[in-house]
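This report refers to the structure that appears directly beneath it.
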Number of protein chains: 2
Amino acid sequence: MMELTRKGEYAIRGIVYLAGQPTDCICLLNDIATAVDVPATFLAKIFQQFSKIGLVKSFRGTGGGFVLARSPDKITLLEVVEAVEGRIVPNRCVAGRDECERSVTCHIHPVWQRVQNQVRDVLSAVTLKDLVSE
Amino acid sequence: MMELTRKGEYAIRGIVYLAGQPTDCICLLNDIATAVDVPATFLAKIFQQFSKIGLVKSFRGTGGGFVLARSPDKITLLEVVEAVEGRIVPNRCVAGRDECERSVTCHIHPVWQRVQNQVRDVLSAVTLKDLVSE
DNA sequence: CCCTAAAAAGACATTATTTATCCTTTTAGG
DNA sequence: CCTAAAAGGATAAATAATGTCTTTTTAGGG
Ligand code: SF4
Ligand code: SF4
């Protein structure tokens, strides 16, 4: 339970590396993958997700690659994680539409909401800038 | 990520039910399973784990069954969850012996420790007593 | 002593998720 | 039109979650 997947770990490493590059540098996926030691094909999927939700900008064709869409201090760790893992949900019943008919009277339900809020708060308090500054 | 498994959900439901029974009541596994709507064979495994670490006491043979080993206000939700899910670990590197050679210099590492502490704090603040009292 | 009830233990079977690769398509530059 | 690079889709392999079945141990009661 509660464990970040490889995908999430890779996602963070990849985008943190990108955040650490000079602003005008258009990075190649393969270079990023090599630098952060992640299978390039897997990282490709991750960056596609980033691109779709607008965390990074991508350029195709010759001279293409990736750059951050916003400055590092405007991107939180929460956004990065939820981009690839989906919304952080400590229990099904805390997700949008409940499947659990007990949720109305359940005393545990609010505990999971508390957990969710705490975790999201911690992660949203950290930006990519915090993670690259040595 | 961060999702409680069925096993964890079942574990909570089962032990909360047990906590809600009269103190002297030795409950049959099958009765608990029926009451909380969990496959009996699966719940059996869960209660075996409870028994091993001393959350519940079990009695075998005729007239056997389960009772809580401690009063409900002395058992936290954290204990219950970690009994079946293992220690809450938001990322590998936060587990005992690190596999990640980056952990020494990594700026993300302490974030996961913060997440871990927050989650464990929330769960350890809730006891079975809180969960049964209507 | 034997029979029955009940949990403990171990060995599977099934399904879902994670992790990863490969191939084709689209886009853009030169 | 050729090449570089990301996008997209299909699929394979590995791992983990979920669930079932059978056998073993323990205890009570006739
Ligand atoms: S029983 Fe309570 S905690 Fe469990 S899924 Fe339902 S509402 Fe959520
Ligand atoms: S890179 Fe940092 S956060 Fe990721 S596993 Fe290693 S120590 Fe942990």
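Chain letters run A, B, ... following the sequence lines, proteins first and then strands; every chain starts at 1.
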If you group Ile, Leu, Val, Met, Phe, Trp and Tyr whenever their side-chain heavy atoms sit less than 4.5 Å apart, what else falls in with V67(A)?
I26(A), F59(A)
Using whole Å, what does the distance between atom C1' of nucleotide dA20(C) and atom CD1 of I46(A) come to?
11 Å
Do you see a donor-acceptor pair shorter than 3.5 Å between the side chains of T127(A) and D130(A)?
yes
Spacing of OH belonging to Y17(A) relative to CD1 belonging to I32(A), to within rounding of 0.5 Å
7.0 Å
Out of dA4(D), dA6(D), dT25(D), minimum distance to the side chain of T62(A) belongs to dA4(D)
Between G61(B) and P39(A), the residue closer to the 5' end of DNA chain C by nearest nucleotide is G61(B)
Given atom CZ of F50(A) and atom P of dA6(D), what is their separation to the nearest angstrom?
15 Å
Heavy atoms from C-beta onward define the side chain here; which of dT19(C), dT18(D), dA5(D) lies closest to that of K7(B)?
dT18(D)
What contact category does F59(B) fall into here, base, sugar-phosphate, or nothing, at under 4.0 angstrom with non-hydrogen atoms?
sugar-phosphate
Which nucleotide in dT27(C), dA20(C), dT18(D) has an atom nearest any side-chain atom of R60(A)
dT27(C)
How many Å lie between NZ on K45(B) and C1' on dA13(C), as a whole number?
14 Å
Spacing between R92(B) atom CZ and dT18(C) atom P, to the nearest angstrom:
12 Å
Most 5' of Q48(B) and G8(A) on DNA chain C, judged by nearest nucleotide
Q48(B)
Measure from the side chain of F66(A), starting at C-beta and using heavy atoms only, and say which of dT20(D), dA7(D), dA9(C) lies closest.
dA7(D)
Interatomic distance where NZ belongs to K52(B) and P belongs to dA8(C) [whole Å]
9 Å
Spacing between F42(A) atom CZ and dA6(D) atom P, to the nearest angstrom
17 Å
Reckon S51(B) has a side-chain N or O less than 4.0 Å from the OP1 or OP2 of dA7(C)?
no
Y10(A) vs dA20(C): side-chain N/O to OP1/OP2 distance below 4.0 Å
yes
Between L131(B), V16(B), V80(B), which is the residue that forms a side-chain contact (heavy atoms from CB on, under 4.5 Å) with I75(B)?
V80(B)
Verify the cluster assignment for L28(A) and Y10(A): are they in a single hydrophobic cluster under the rule of side-chain heavy atoms below 4.5 Å apart?
no
Tested for side-chain contact (heavy atoms from CB on, under 4.5 Å) against L77(A), the lone hit among I15(A), L123(A), V122(A) is L123(A)
N91(A) CG to dA17(D) C1', in whole Å, measures 15 Å
Among dC21(D), dT19(C), dA7(C), the one nearest L29(B) by side-chain distance
dA7(C)
Does dT17(C) have OP1 or OP2 sitting under 4.0 Å from an N or O in the side chain of T5(A)?
no
For dG30(C), the Watson-Crick or wobble counterpart (both distances under 3.5 Å)
dC1(D)
From CD of E3(B) across to C1' of dT17(C) the rounded distance in Å is 12 Å
With a 3.5 Å cut-off and no angle check, do the side chains of N91(B) and E3(A) form a donor-acceptor pair?
no
What is the distance from atom OG1 of T76(B) to atom CD of E82(B), rounded to the nearest 0.5 Å?
8.0 Å
Closest to side chain of T41(A), choosing from dT19(C), dA6(D), dT21(C):
dT21(C)
Looking at dA8(C), I'd like to know if its phosphate oxygens (OP1 or OP2) sit under 4.0 Å from a side-chain N or O belonging to S58(B).
yes
Contact list for DNA chain D against residues 12-24 of chain A - heavy-atom distance below 4.0 Å
none
